[in-house]
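Since the structure comes first, as structure tokens, the remarks are kept for the end.
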Amino acid sequence: MVLSRNTFEPLYYQIREHIREKINSSEYPPNSMIPSEAELCEIYQVSRVTVRKALAELTREGLLRRMQGKGTFVCAPRIRRDLRDVTSFNEACREMGSVASTRVISAQLITAEDSVRQSLLLEGDQVIEIVRLRLSDDQPVMLETNCFPTIYDDLLREDLSGSLYRLLEVRGVEAARGIHEISLCYATPAQARQLGVNPGDALLQLDQVIYDQHGAPLHTSHQVIRGDRFTFRI
């Protein structure tokens, strides 16, 4: 492509808009890798500094994601979740037209941390811990750890790859409301491997206490989330 040099629009701006058009038209589809910096320099006949500025702006906008040593990838549309309602990850994906899936990392009886014991108003010191990787269209989105009182130990005998709330509804238990805390964290090497990001990348962290329809604590949830794949409405 030949850029116009007889215009007030900077070269990096023209490159940025041309790449944006390719993303919007699905010529560069979600999760695909775009040409390398060297290839883009050849395509547009510009310096690497100019290309990097265009890519940096698209990355800040959330359209691109740069992975060290791998390349630059088109971000999938973000899943939107309204924290004013208690909704499952499956429901949030379905509303966006994507397919949710789950990989169960572990499900076991453990000794609870003090913060979890206090949040669940436990008399004992054990909880059911379920750790799962949640994916949208086979792309990792979040790593979640849910802790339930031991009265829900029958969950350990269930298929946990679907909606936990659906399993609870069969028992007459509904997730009615939640208290949420959102913060920023940075990917550990283990989290980076699970989520497909680089160690040290910024991630969203959501800590919740969910209550049932009777106002009793139902479970705690600790979620580490890729911000390029997920957004919250408060």
Side-chain angles (χ1 to χ4, degrees), residues 30 59-67 75-98 100-106 110 112-122 127-137 139-149 160 163-165 168 174-213 215-234:
T59 300
R60 279 196 296 270
E61 291 180 32
L63 292 177
L64 295 177
R65 176 168 57 94
R66 309 187 76 175
M67 298 186 66
C75 293
R78 292 185 182 185
I79 301 166
R80 298 183 183 90
R81 182 174 171 188
D82 195 333
L83 290 181
R84 293 170 295 183
D85 300 314
V86 179
T87 56
S88 71
F89 178 78
N90 295 44
E91 291 174 350
C93 287
R94 187 163 50 249
E95 290 175 1
M96 292 296 297
S98 60
S101 58
T102 300
R103 296 176 190 165
V104 179
I105 307 300
S106 64
I110 67 164
E113 297 181 358
D114 287 343
S115 60
V116 173
R117 288 182 61 251
Q118 293 168 8
S119 295
L120 295 178
L121 304 178
L122 299 179
V127 291
I128 305 302
E129 180 195 69
I130 301 171
V131 182
R132 307 188 299 172
L133 179 68
R134 314 304 301 274
L135 304 96
S136 172
D137 293 335
Q139 298 298 311
V141 175
M142 71 169 65
L143 189 63
E144 67 173 19
T145 301
N146 294 317
C147 290
F148 291 83
L160 302 176
S163 171
L164 297 181
Y165 288 165
L168 292 168
E174 298 178 11
R177 69 179 183 91
I179 296 176
H180 319 282
E181 292 185 3
I182 302 175
S183 57
L184 186 69
C185 66
Y186 299 93
T188 66
Q191 291 169 343
R193 285 193 298 273
Q194 296 281 8
L195 292 170
V197 298
N198 298 313
D201 278 1
L203 300 170
L204 294 173
Q205 180 173 285
L206 176 64
D207 289 292
Q208 298 176 294
V209 181
I210 304 298
Y211 297 84
D212 67 18
Q213 70 268 37
L218 177 57
H219 74 93
T220 62
S221 180
H222 175 74
Q223 301 172 9
V224 179
I225 305 163
R226 280 177 46 175
D228 65 325
R229 299 298 317 280
F230 213 94
T231 186
F232 295 107
R233 179 181 296 170
I234 301 175

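It should be emphasised that the depicted structure is a prediction, and the values quoted were computed from it without experimental measurement. Along the sequence shown, residues carry numbers from 1. Any value given below was found using the heavy atoms of this structure, including those in side chains, with hydrogens, waters and symmetry copies removed.
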**Report entry** Test log, rule side chain to side chain contact (heavy atoms under 4.5 Å, CB included), inputs Leu218 and Leu168
**Finding:** CA-CA 10 Å; Leu218 177 57; Leu168 292 168; 4.0 Å; yes
Query raised in the report: Do Leu135 and Val141 come within less than 4.5 Å of each other through their side chains, counting heavy atoms only?
Result: no
Report task. Check whether any side-chain heavy atom of Thr145 lies under 4.5 Å from a side-chain heavy atom of Glu129, and answer yes or no. Result -> yes
**Report entry** Approximate separation, where rounding is to 0.5 Å, of Ser115 OG and Gln118 CD
**Finding:** 7.0 Å
Query raised in the report: Looking at residues at least two apart in the chain, or sitting in another chain, which of them share a side chain to side chain contact (heavy atoms under 4.5 Å, CB included) with Thr59?
Result: Leu64, Arg66
Requested in this report: For residues Leu206 and Met142, determine if any side-chain heavy atom of one lies less than 4.5 Å from a side-chain heavy atom of the other.
Outcome: no
**Report entry** Distance-only polar pair, side chains of His219 and Tyr211, donor-acceptor under 3.5 Å
**Finding:** no
Report summary line: Nearest heavy-atom approach of Asn198 to Ala192 is C-CB, 3.8 Å
Query - Side chains of Asn146 and Thr220 in contact at under 4.5 Å (non-hydrogen atoms) - result: no
Query - Between CD1 on residue Ile130 and SG on residue Cys147, distance to nearest 0.5 Å - result: 9.0 Å
Sequence neighbours left out, cut at 3.5 Å: what donor-acceptor pairs do the side chains of residues 181-188 make with other protein atoms?
residue: Ser183; atom: OG; partner: Gln205; partner atom: NE2; Å: 3.3
residue: Thr188; atom: OG1; partner: Gln191; partner atom: N; Å: 3.1
residue: Thr188; atom: OG1; partner: Gln191; partner atom: OE1; Å: 3.4

Report task. Please lay out, stage by stage, how Leu164 and Arg132 fare under the test side chain to side chain contact (heavy atoms under 4.5 Å, CB included). Result -> CA-CA 11 Å; Leu164 297 181; Arg132 307 188 299 172; 3.5 Å; yes
**Report entry** Flag side-chain contact, heavy atom, 4.5 Å: Arg65 against Leu63
**Finding:** no
Query raised in the report: Which pair of heavy atoms, one from Gln223 and one from Ser221, lies closest together, and at what distance?
Result: NE2-OG, 3.0 Å
Query raised in the report: So, do Ile179 and Gln208 sit near enough that their side-chain heavy atoms are less than 4.5 Å apart?
Result: no
**Report entry** Pair Arg134, Thr102: side-chain N/O donor-acceptor within cut-off below 3.5 Å
**Finding:** yes
Query raised in the report: Taking C-beta and beyond as the side chain, do Ile128 and Pro149 meet within less than 4.5 Å on heavy atoms?
Result: no
Query raised in the report: Any chance CD of Glu113 has more than 12 other-residue heavy atoms, nucleotides or ligands included, within less than 6.0 Å?
Result: no
Query raised in the report: Among Leu195, Leu204, Asp201, which residue meets the side chain to side chain contact (heavy atoms under 4.5 Å, CB included) test with Arg226?
Result: Leu195
Requested in this report: Answer yes or no: is there a side-chain heavy-atom contact under 4.5 Å between Leu120 and Phe148?
Outcome: no
Query raised in the report: Taking all atoms of both residues into account, what is the closest heavy-atom pair of Gly196 and Met67, and its distance?
Result: O-CE, 3.0 Å
